[in-house]
A.B. asks: 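Below is one structure. I have some questions about it.
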Amino acid sequence: MHHFQYKNNELFCEDVPVAEIATSVGTPFYLYSEATLTRHFEAFDRGFDGTDHVTCFAVKACSNIAILNLFASLGGGADIVSGGELFRALKGGVPAERIIYSGVGKTEAELSQGLDAGILMFNVESPLELDRLQKVALDQGKTAPVAFRVNPDVDPQTHAYISTGLAKNKFGISVEEALLEYVRARDMEGIDVRGVSCHIGSQLTQIDPFIEALRKLKQFVDRLEEEGISIDYLDLGGGVGITYEDEQPPHPHDYARAIKEELGDMNCTLVLEPGRVIAGNAGILVTQVQYTKVNTGGEKDKHFVIVDAAMNDLTRPSLYGAYHEIIPVTRGDGETQMVDIVGPICETGDFMARDRSLPVVQQDDLLAIMSSGAYGFTMASNYNSRPRAAEVLVRGDKFHVIRTRENFNDLIRGESLLETD
Ligand SMILES: *Cc1c(COP(=O)(O)O)cnc(C)c1O
């Protein structure tokens, strides 16, 4: 359920007409509904009521500090994968003790930054990372809280680019190797073994792979017990999918119920790292039609709708061939046409949708690209020297610009001409 609905054929975000925001801030822009973000966060989090847990929103899905601040106010934490995301999480008011640091390539500076902040746990992904973390901790006279990211070799049955829990993926360390590392870490000065973590992939539409991974993790935790290593935190990562087109992902409550059931009487605090399932359907990308054109001369006439949003604003269609529903902001008489909806970037891969049946549109019409709240703005770039779009958050009958549109000076910030002598 989300709060982007038509009233008298006009698309609203909560109680604000989307067209009104477009008039005020220009296009393209990302538009988020606070009520939807809240609802999704709470639906997910409440599923785990009765079990000690902390819901750490995956910052890479949607990283605006206003949104991180919203989740923090709802009791949430953050799952980060870079120093930049740590900076954002802290700016967004996320308490350090609810921040988890994942990622295969943490630099020394980033490890140090995490230690300084006093985060809940580093999810370590290699033996060398453990060594580096120990060095940083000893240099700082601190103890680093650690979990290892275990790669359970489970097939999440999702897109190859976002599958992370197979042995062939770069993430985590195998169960066998992890055991040796835990024993090593147990005896290391400056290291405090606190948890076990895994994250097997994104946009999962079935519960089974999660349960299979959890089962393997539980067996692993039992093995650790035998070595005298006890675990306080069990981090199950993110990955619950959403409906973009006709996928039928598990409801967060069913996901939570299945996890709790499998968990049994295991005595530890659960860490959850949802991203997409919370933000995905809570945001849209609003764009304006610049031109329509028909290319003739091929086997069939090809109809194009050229909009002012492009693959630099929303890269998922180009990168993954992902489907996003596209709807008009003002609904017409229902006549449709087969079109490609494309951006202005000089790449054939720059499309929002191909061979799509879309209500007939005209120059200057507004379109809403749905389900763009996760991995939308956060993956945006300046390719073709396009300033990044504005981000707007609606609360009830008011809208707030939570990130202004970039200008041309933003594009060249830090650049300089060579001095001639
Ligand atoms: C990307 C990521 C997540 C979030 O995944 P979603 O599919 O958006 O829920 C959680 N944990 C880690 C370690 C990640 O890399």
Side-chain angles (χ1 to χ4, degrees), residues 37 40-41 43-45 47-48 53-63 67-68 71 76-82 84-86 89 98-106 110 114 119-126 129 147-152 154 156-166 169-173 195-207 209-210 213-214 217 233-244 247 249-250 252 255-256 259 270-283 316 319-320 322 371-379:
L37 290 164
H40 289 179
F41 181 89
F44 187 95
D45 193 56
F48 291 93
H53 71 280
V54 43
T55 300
C56 295
F57 178 71
V59 173
K60 76 176 190 292
C62 183
S63 61
I67 290 173
L68 301 181
F71 297 141
D79 167 52
I80 58 163
V81 293
S82 72
E85 287 191 353
L86 175 54
R98 295 206 297 258
I99 296 178
I100 299 280
Y101 198 157
S102 307
V104 292
K106 306 176 193 81
E110 288 176 322
I119 63 169
L120 174 61
M121 185 161 93
F122 292 88
N123 286 347
V124 172
E125 303 210 19
S126 65
E129 185 187 335
F148 285 93
R149 176 162 173 185
V150 174
N151 186 327
V154 167
Q157 292 164 24
T158 181
H159 192 286
Y161 290 5
I162 48 177
S163 144
T164 57
L166 282 167
N169 299 137
K170 72 178 175 184
F171 298 97
I173 51 186
V196 174
S197 81
C198 82
H199 168 71
I200 58 172
S202 200
Q203 182 56 12
L204 272 69
T205 52
Q206 291 163 33
I207 292 183
F210 290 115
L214 174 54
L217 245 51
Y233 293 91
L234 190 64
D235 180 348
L236 298 179
V240 179
I242 63 170
T243 302
Y244 286 101
E247 305 91 334
Y255 163 79
I259 296 280
L270 270 187
V271 178
L272 303 146
E273 303 173 346
R276 191 187 310 266
V277 69
I278 290 175
N281 281 323
R316 299 189 69 261
L319 188 60
Y320 310 121
S371 312
S372 303
Y375 307 101
F377 185 87
T378 55
M379 293 176 98

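For ligands, and for the atoms within them, numbers begin at 1 and follow the listed sequence. Just so we're clear, the structure is a prediction, and the values are computed from it rather than from any experiment.
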A.B. asks: Which residue and atom name correspond to the protein heavy atom nearest atom 2 (C) of ligand 1, and how close is it?
C.D. replies: K60 NZ, 2.3 Å

A.B. asks: Is the backbone N or O of K60 less than 3.5 Å from a side-chain atom of E85, with the two atoms forming a donor-acceptor pair by type?
C.D. replies: yes

A.B. asks: Non-hydrogen atoms of D79 versus ligand 1: any pair closer than 4.0 Å?
C.D. replies: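 Yes; D79 lies near enough to ligand 1 that a heavy-atom distance drops under 4.0 Å.
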
A.B. asks: Under 3.5 Å, N or O to N or O, is S102 touching ligand 1 that way?
C.D. replies: no

A.B. asks: Judging by distance only, is a nitrogen or oxygen of V81 under 3.5 angstrom from one on ligand 1?
C.D. replies: no

A.B. asks: Considering the options L272, V59, I100, D235, which one meets the side-chain contact (heavy atoms from CB on, under 4.5 Å) requirement together with D79?
C.D. replies: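 With D79 as partner, L272, V59, I100, D235 yield a single side-chain contact (heavy atoms from CB on, under 4.5 Å), made by I100.
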
A.B. asks: Does even one non-hydrogen atom of F171 get within less than 4.0 Å of ligand 1?
C.D. replies: no

A.B. asks: With a heavy-atom distance limit of 4.0 Å, tell me whether R276 approaches ligand 1 through its side chain, its backbone, both, or neither.
C.D. replies: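 Both parts.
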
A.B. asks: Keeping Q203 on the side-chain end and I242 on the backbone end, is there a donor-acceptor pair under 3.5 Å?
C.D. replies: yes

A.B. asks: Closest non-hydrogen protein atom to atom 7 (O) of ligand 1, residue and atom name please, with distance?
C.D. replies: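 Looking at atom 7 (O) of ligand 1, the protein heavy atom closest to it is S202 OG, 2.3 Å.
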
A.B. asks: Are any side-chain N or O atoms of H53 and backbone N or O atoms of L270, one a donor and one an acceptor, separated by less than 3.5 Å?
C.D. replies: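 Flag not set: sc H53 to bb L270 has no pair under 3.5 Å.
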
A.B. asks: Hey, does the side chain of R149 reach the backbone of H199 with a donor-acceptor pair shorter than 3.5 angstrom?
C.D. replies: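 Checked: pair present.
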
A.B. asks: So is A374 touching ligand 1 or not, going by heavy atoms under 4.0 Å?
C.D. replies: no

A.B. asks: Side chain or backbone, does G201 bring an N or O within less than 3.5 Å of an N or O on ligand 1?
C.D. replies: no

A.B. asks: I need the atoms of ligand 1 closer than 4.0 Å to a non-hydrogen atom of Y375, numbered in the order shown.
C.D. replies: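 Near Y375, the atoms of ligand 1 are 1 (C), 4 (C), 5 (O), 6 (P), 8 (O).
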
A.B. asks: Using a 3.5 Å cut-off on N or O atoms only, is R149 in polar contact with ligand 1?
C.D. replies: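 Min N/O separation from ligand 1 is not below 3.5 Å for R149.
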
A.B. asks: Assess whether side chain to side chain contact (heavy atoms under 4.5 Å, CB included) is satisfied between C56 and V271, documenting all intermediate values.
C.D. replies: CA-CA 7 Å; C56 295; V271 178; 4.1 Å; yes

A.B. asks: When you compare the side chain of Y255 with that of V277, does any pair of heavy atoms fall below 4.5 Å?
C.D. replies: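 Not touching, per the 4.5 Å side-chain cut-off.
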
A.B. asks: Starting from atom 10 (C) of ligand 1, which protein heavy atom do you reach first, and at what distance in Å?
C.D. replies: E273 O, 3.2 Å

A.B. asks: Using modelled atom types and a 3.5 Å cut-off, is there a donor and acceptor pairing between side-chain atoms of S102 and backbone atoms of N123?
C.D. replies: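 No: the side chain of S102 does not pair with the backbone of N123.
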
